[in-house]
Amino acid sequence: MPGGFVRSSDGRTRVEAQKLRFARGGTEELVPHTMSRMGDVLAGFHAAWEFESDSVLIRYERGIRTPKLFQALGERRVPLEAIAGVTLTPGRRGTVVLRVEPRPGADPLMEAAAGQLKEGSDPYRLVLPAERETLAEYYADELRGLLSESGKTERYLVPAPEAPLHFKAYDGKASFDGTSVTFRWFWTGASSAKWKAGDQTFPVAGLGGVEWRSPEMFEGYLRLLPRDAAAVAPQADQDPASVVFGLGYGPVHESLPFAAAVLAALRDRGPAVPVPVPAPRRDPADIAERIRHLGELHQAGLVTDEEFSSKKAELLAEL
């Protein structure tokens, strides 16, 4: 079976057969089984790892019980130079967990997550039945023998999700085309401060970083940090450089890959230069709805006469 386990006549995989003969103290000469000759696949719950001479290819399942982040990632190729170490530990309910530890700075996804991912959504964990512990230990040892790099990397070694990307937050829609990030506010969720500021577009060349707070935690949000960011930023719901998350809005599997893609673009950018962004033309029905909502804010006293007239003129100019 190309690319997978080679089974002997008694149904054992090549690696299992080798280990069994070794455990029995057999004298049969074994062909050295190294990563450079491997190409074997170790399948666990929700994912399968394929071991190659220079990388580990992780393919995630798309089953209904598979974490949505895994499904969104699809597959990831992790170069050996991006791996700092390998562990094998007991898991829950008769399982073992094989995990590779990425080097700091090697993966934009993990850098954006900043330790906030739940254990079950960690893309570097492979959960296996306990009866496969010996086999998992074998692969762990083989992998450890090939690792030679450590410490923080100077560049991302694991590819980030590719643009274009977008997701719906609680107060707006975030879009990333590879060169700039756009926040388009929802009248049902955006604060008056964001409405006054209007829709926002941030060229990557003008950004200094990305701050992601998991929607599974209290007050989740995605904040873009300008290069000249102030020492103290306003609350996310009042900050036009942020979108906030709510129940069902900005889920991890959408907002985290988005944040990772922006981070990767930041590291790949050149020197900061002003990038003119033409004002997009809007749907007339959308403009009418925005003016109606602006009028409601005006009547409620949240927008002054001058602010109402100025913003209304801006919206009409987009037609």
Side-chain angles (χ1 to χ4, degrees), residues 72-73 76 79 82 102-114 116 152-186 190-191 193-214 220-245 250 252 254-282 311 314-315 317-318:
L73 294 175
R76 312 192 82 204
R103 292 171 60 192
D107 185 353
L109 188 85
M110 302 305 285
E111 186 169 333
Q116 299 174 73
K152 185 176 177 63
T153 64
E154 297 182 356
R155 61 186 178 87
Y156 290 131
L157 301 175
V158 182
E162 295 183 358
L165 295 167
H166 59 84
F167 70 91
K168 289 183 178 180
Y170 175 73
D171 57 358
K173 180 179 179 180
S175 303
F176 178 52
D177 63 4
T179 60
S180 61
V181 179
T182 299
F183 293 158
R184 184 178 179 185
W185 308 121
F186 295 152
S191 65
K194 291 184 176 181
W195 269 95
K196 290 178 183 179
D199 294 345
Q200 302 289 302
T201 298
F202 303 87
V204 167
L207 295 178
V210 177
E211 183 181 5
W212 181 79
R213 289 293 176 269
S214 174
Y221 59 84
L222 172 69
R223 189 195 305 273
L224 302 178
L225 305 175
R227 287 192 173 187
D228 56 351
V232 179
Q235 291 185 347
D237 65 338
Q238 302 296 316
D239 183 5
S242 305
V243 288
V244 298
F245 305 143
V252 171
E254 294 180 352
S255 59
L256 181 57
F258 185 102
V262 177
L263 272 182
L266 289 179
R267 186 170 287 192
D268 292 339
R269 72 183 171 207
V273 294
V275 179
V277 180
R281 300 192 65 82
R282 302 297 190 194
K311 185 60 181 177
E314 290 179 13
L315 291 170
E318 295 183 12

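Computed from a prediction, not measured in an experiment: that's the story for all the values here. Residue indices begin at 1 and follow the sequence shown.
- Closest approach of L263 and P108 over heavy atoms only: CD1-O, 3.9 Å.
- The list of side-chain hydrogen bond (donor to acceptor under 3.5 Å, both in side chains) pairs with a residue in residues 254-265, not counting sequence neighbours, reads W212-S255.
- The minimum heavy-atom distance linking A190 with W185 is given by the pair CB-CB, 3.7 Å.
- Rounding to the nearest 0.5 Å places CZ of F183 at 13.0 Å from NZ of K173.
- Within 6.0 Å of CD in Q238 there are more than 12 heavy atoms belonging to other residues, nucleotides or ligands.
- Contact between A169 and V243 at its shortest, heavy atoms only, is CB-CB, 3.7 Å.
- What you find for S242 and R223 is that their closest heavy atoms are OG-CG, 3.0 Å.
- Note that CH2 of W195 and CG of D171 are 11.5 Å apart. Values are rounded to the nearest 0.5 Å.
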Yes or no on salt bridge (charged side-chain N to carboxylate O under 4.0 Å, His left out) for R267 and E154, after CA distance, side-chain angles and deciding distance? CA-CA 10 Å; R267 186 170 287 192; E154 297 182 356; over 6 Å; no

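- Within the 4.5 Å cutoff, side-chain heavy atoms of V252 are placed close to those of S214.
- The shortest side-chain heavy-atom distance between Y156 and D268 does not fall under the 4.5 Å cut-off.
- Side chains of Y221 and D237 form no contact here, defined as non-hydrogen atoms less than 4.5 Å apart.
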Considering only distance and modelled atom types, tabulate donor-acceptor pairs under 3.5 Å from the side chains of residues 157-168, sequence neighbours left out.
none

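- Between D239 and K194, the shortest heavy-atom contact is O-CE, 3.1 Å.
- Judged by distance alone, with hydrogens and angles left aside, the side-chain atoms of Q200 form a donor-acceptor pair with the main-chain N or O of G198 at under 3.5 Å.
- Formation of a donor-acceptor pair under 3.5 Å by the Q116 side chain with backbone atoms of A113 is found in this model.
- In this structure, the salt bridge (charged side-chain N to carboxylate O under 4.0 Å, His left out) partners of R76, at least two apart in sequence or on a different chain, are D107.
- Tested against F202 for a side-chain contact (heavy atoms from CB on, under 4.5 Å), the candidates T182, V262, L224, L225 yield a single pass: L224.
- Residue A112 comes nearest to A260 through the heavy atom pair CB-N, 4.2 Å, listed as atom of the first residue, atom of the second, then distance.
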